[in-house]
Amino acid sequence: MAAPKKGRSASAQSKPGRSLALILIAIVGLTAGMFASGHTTPRLGIDLAGGTSITLKAKSDQGSAINKANMDTAVEIMNRRVNGLGVSEAEVQTQGSDNIIVNIPKGTNSEKAREQVGTTAKLYFRPVLAQEATGSAVASPSASASASGSSSASPSPSASASGTGEKATSSSSPSASATSQGRAVTDALKADSTPSASAGGTASSSASPSASASSSAAVSAEDAALQAKYAALDCSKASVRAKTGEGVKPEDTTVACGEIDKVWYKYVLGPAAVDGTEVDKAQAVYDTQTAAGWQVTMDFNKSGAKKFAAITGQLAQNTQPQNEFGIVLDGNVVSSPYVSSSITGGQAQISGSFTQAEAQGLANMLSYGALPLSFQEQSVTTVTAALGGDQLHAGLLAGAIGLLLVVIYLVAYYRGLAMIALASLLVSAALTYVLMALLGPAIGFALNLPAVCGAIVAIGITADSFIVYFERVRDEIREGRTLRPAVERAWPRARRTILVSDFVSFLAAAVLFIVTVGKVQGFAFTLGLTTVLDVVVVFFFTKPLMTLIARRKFFASGHKWSGLDPKSLGAQPPLRRTRRPGGPAAGPVETKEA
C-alpha cells in the first residue's frame, strides 16, 4: 500500500506547473472576456450607485393566482414601463414568491416611477382616424385607397378582424394632406361631442343652433391643437414615444405611435371603444386549414362583445385606414388590424403576416395588458449618488482594513509562508472581481453593500483554508519529516478539512439565498461565490505553489524566516529505523495515517 502512495506523491510533485498554468489561463481568459464585453467594473446596486428601489407585494384580488407565470408576466410589463421612462440599467425582478423589486439607479424621480410600475396597465381598442409612417408625407385619411379586397374573413361564423401588417398608401397629393388630416380630426371631435350614440353607431343630437356654434368653435380649437401635435410627432424617437400617452383619458381623441415591420407609424386615434379588461382570453394559434399562418384569437365578455360588434360595424363601412382599430397598450399601438364586416358573437381573430413570436407577444399583451395581479407598495427607498458613494468608500475601507489585519497576522506568525498566502489571496481577489464584472450583464448581479460585506467575510474564510494547510505541514515537520514529504503528507488531511469547512459555508450561503429576499441575497450570493473560488484557488494554486517552494533551499532547509524552522517548531529528532537483535531492520516508529 505504501508504494502506490509514494508513486502518486512523486507524480503530484513533478507536475505542479500544470495546475498553476491552468488557473492562470482561466484568469487571463476571463479578463479578456470582461474587456471584450465592455463591462470592466462590477455593476453597483442602488445603495452604492444611488437611485430608487421600490418593493411591491402581489395580491390575488383580481381572481388570478399568485404563481410564477403571473409574476413573470408582471415583471415583463413593469420592465416595459420602466424602460419607457428612458432609464438605463433599470432592474425589475422577482424576490421570493410574491414580491417584485424595481431598482432604478441614478436618482430617477421616485414618484413617477411609482406611478408607472405600481398601477395596472391600460389597454384600449380605439378607432384609427389617420396614420402615416414617421418622416413620410402625411397620408390623407379621407382620400386614402379603398379597403383592400384581400381582407380575410374568419372561417368560423363569427367573422374576424384581419391584421395585414401592411399600411395602405395615400393617393392624394401632398398639398391636400393637411386639409384632409384636419377634416379627419375635426370629424372625430364632432362625433365625440354628440350627446349620444346608438349601438349601431348612428348619432342623434338635439342641440340648439347656438350650442352647435359654440361646440364647433371648441372643436375647431381642439382640432388645431391636435393637428399641430400630430404634425410634430416623431415616433422614431424613444423619448417622444414615452410621452405620447401621458394624461390621455379613454374618452379623448389622441395621437399615438406604433411599430410595424420595423417602421414606426404615428396615429390619430378616436375615443376608446372597448376596454382591455373586457377581453376574457387571447391566444396565438396556427391556422392549418386556410394556410393563413399564425393568428391571434380573442374572446370578449358580454359587454365587450356588444361594444366590439358596434365599433367593427362602424369601421367596416369606412375606407382604409379608417376601417382599422388600434390596440393601444400604455399609450402605444401594438397592432392596428382592419375589419371588413361587423364582428359578433364575442369572438374575433387577428390574422396577418405574423411570426410565432409576434403572435404570442400580441396574445400576451391582449391577455395581460392589465397586470394579472394587483400590487401593494411595501417600501420605497431613495439613495442619493453622494450617499451611495460614501457607503461604497466605507465598504472598501472596511475591506482594506480587514485585509491588512490578515496580512499582518500571516506575516507575524507564518513569515515566509505569508508570501504564498498573499499570492493566493490576490488570485482569489482577481477571480472574484472578474466574475462579478461578468455576472452583472449576464444575470443582473449588482454589487450592493451586503455583497461587499460578504466579500469581506470571504477574506477570513479564504485565509482560514491556507492556515489549515500550513498547520498540517508544520505538524509533519514537528514529527521529524523534511519539507518535501511533509507538504505531500499534509495535503490529504488538510484537503478533507478544507472541503468540509467550505461545504458548510456554501450550504449556509445557499440556504440564506433561498429563504431571504432583497439585499440579503447579495450577501449570500457573494459568500457562496467566494467559497467556491476558495476551493478552486487552494487546489489549483496554493497546493501546487507549496510543492514548488518545497524545492527551494530557503524553505527546504528550514530557514529562520521561512516559517518552517524545525527548531522553532519544536521538531522531534528525525525518524530512524530500529534494528531488532539478530533480525532485519524494522520500519520507522510512527502511527499510520488514516
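All values derive from a computational prediction rather than experimental measurement.
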Find the distance between [atom1] ([X]) and [atom2] ([Y]) and round it off to the nearest 0.5 Å.
{"X": "Gln317", "Y": "Gln322", "atom1": "CD", "atom2": "CD", "value": "12.5 Å"}
{"X": "Thr55", "Y": "Glu377", "atom1": "OG1", "atom2": "CD", "value": "9.0 Å"}
{"X": "Arg241", "Y": "Leu233", "atom1": "CZ", "atom2": "CG", "value": "10.0 Å"}
{"X": "Lys307", "Y": "Ile311", "atom1": "NZ", "atom2": "CD1", "value": "11.5 Å"}
{"X": "Leu529", "Y": "Leu431", "atom1": "CG", "atom2": "CG", "value": "9.5 Å"}
{"X": "Cys257", "Y": "Asp234", "atom1": "SG", "atom2": "CG", "value": "8.0 Å"}

What closest approach, in Å, do [X] and [Y] show between heavy atoms, and which atom pair accounts for it?
{"X": "Ser342", "Y": "Ala316", "value": "N-CB, 4.3 Å"}
{"X": "Ala231", "Y": "Lys266", "value": "O-NZ, 3.5 Å"}
{"X": "Ala309", "Y": "Thr344", "value": "CB-CG2, 3.9 Å"}
{"X": "Leu527", "Y": "Gly454", "value": "CD1-O, 4.4 Å"}
{"X": "Gln376", "Y": "Lys59", "value": "OE1-CD, 3.8 Å"}
{"X": "Ser303", "Y": "Glu278", "value": "OG-OE2, 3.0 Å"}

State which residues pass side-chain contact (heavy atoms from CB on, under 4.5 Å) with Ala256; sequence neighbours excluded, sorted by chain then number.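 Ala256: side-chain contact (heavy atoms from CB on, under 4.5 Å) contacts with Leu269, Val333.
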List in chain and number order the residues that pass side-chain contact (heavy atoms from CB on, under 4.5 Å) with Ala524, two or more places apart in sequence or in another chain; answer none if no residue qualifies.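 If we apply the side-chain contact (heavy atoms from CB on, under 4.5 Å) test to Ala524, skipping adjacent residues, the hits are Leu512, Phe513.
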Side-chain donor/acceptor of Thr312 to backbone N/O of Ile343, under 3.5 Å: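 Present.
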Report yes or no: does Thr526 contribute a side-chain atom to a donor-acceptor pair with the main-chain N or O of Phe523 at less than 3.5 Å?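 Not confirmed, Thr526 side chain does not pair with Phe523 backbone.
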Under 4.5 Å between any side-chain heavy atoms of [X] and [Y], yes or no?
{"X": "Leu533", "Y": "Leu435", "value": "yes"}
{"X": "Glu132", "Y": "Tyr230", "value": "yes"}
{"X": "Pro42", "Y": "Tyr433", "value": "yes"}
{"X": "Leu439", "Y": "Phe525", "value": "yes"}
{"X": "Thr530", "Y": "Ser428", "value": "no"}
{"X": "Ser53", "Y": "Val102", "value": "no"}
{"X": "Leu315", "Y": "Pro127", "value": "yes"}

Atom CZ of residue position Phe506 - does it have more than 12 heavy atoms of other residues, nucleotides or ligands inside 6.0 Å?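 Atom CZ in Phe506 is not crowded, with 12 or fewer foreign heavy atoms closer than 6.0 Å.
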From CA spacing to verdict: side chain to side chain contact (heavy atoms under 4.5 Å, CB included), Tyr124, Asp275: CA-CA 5 Å; Tyr124 298 108; Asp275 195 298; 3.3 Å; yes
Please work out whether the ring planes of Trp294 and Tyr286 are parallel, tilted or perpendicular, with thresholds of 30° and 60°.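 Answer is perpendicular, since the angle exceeds 60°.
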Please determine whether side chain to side chain contact (heavy atoms under 4.5 Å, CB included) holds for the pair Thr134 and Lys237, giving the CA-CA distance in whole Å, both sets of side-chain angles, and the decisive distance to 0.1 Å. CA-CA 10 Å; Thr134 296; Lys237 298 180 180 179; over 6 Å; no
Full working for side chain to side chain contact (heavy atoms under 4.5 Å, CB included) between Gln347 and Thr297: CA-CA 7 Å; Gln347 294 182 335; Thr297 62; over 6 Å; no
Just do the side chain to side chain contact (heavy atoms under 4.5 Å, CB included) check on Phe125 and Val279 with the steps written out, would you? CA-CA 10 Å; Phe125 294 80; Val279 177; 3.7 Å; yes
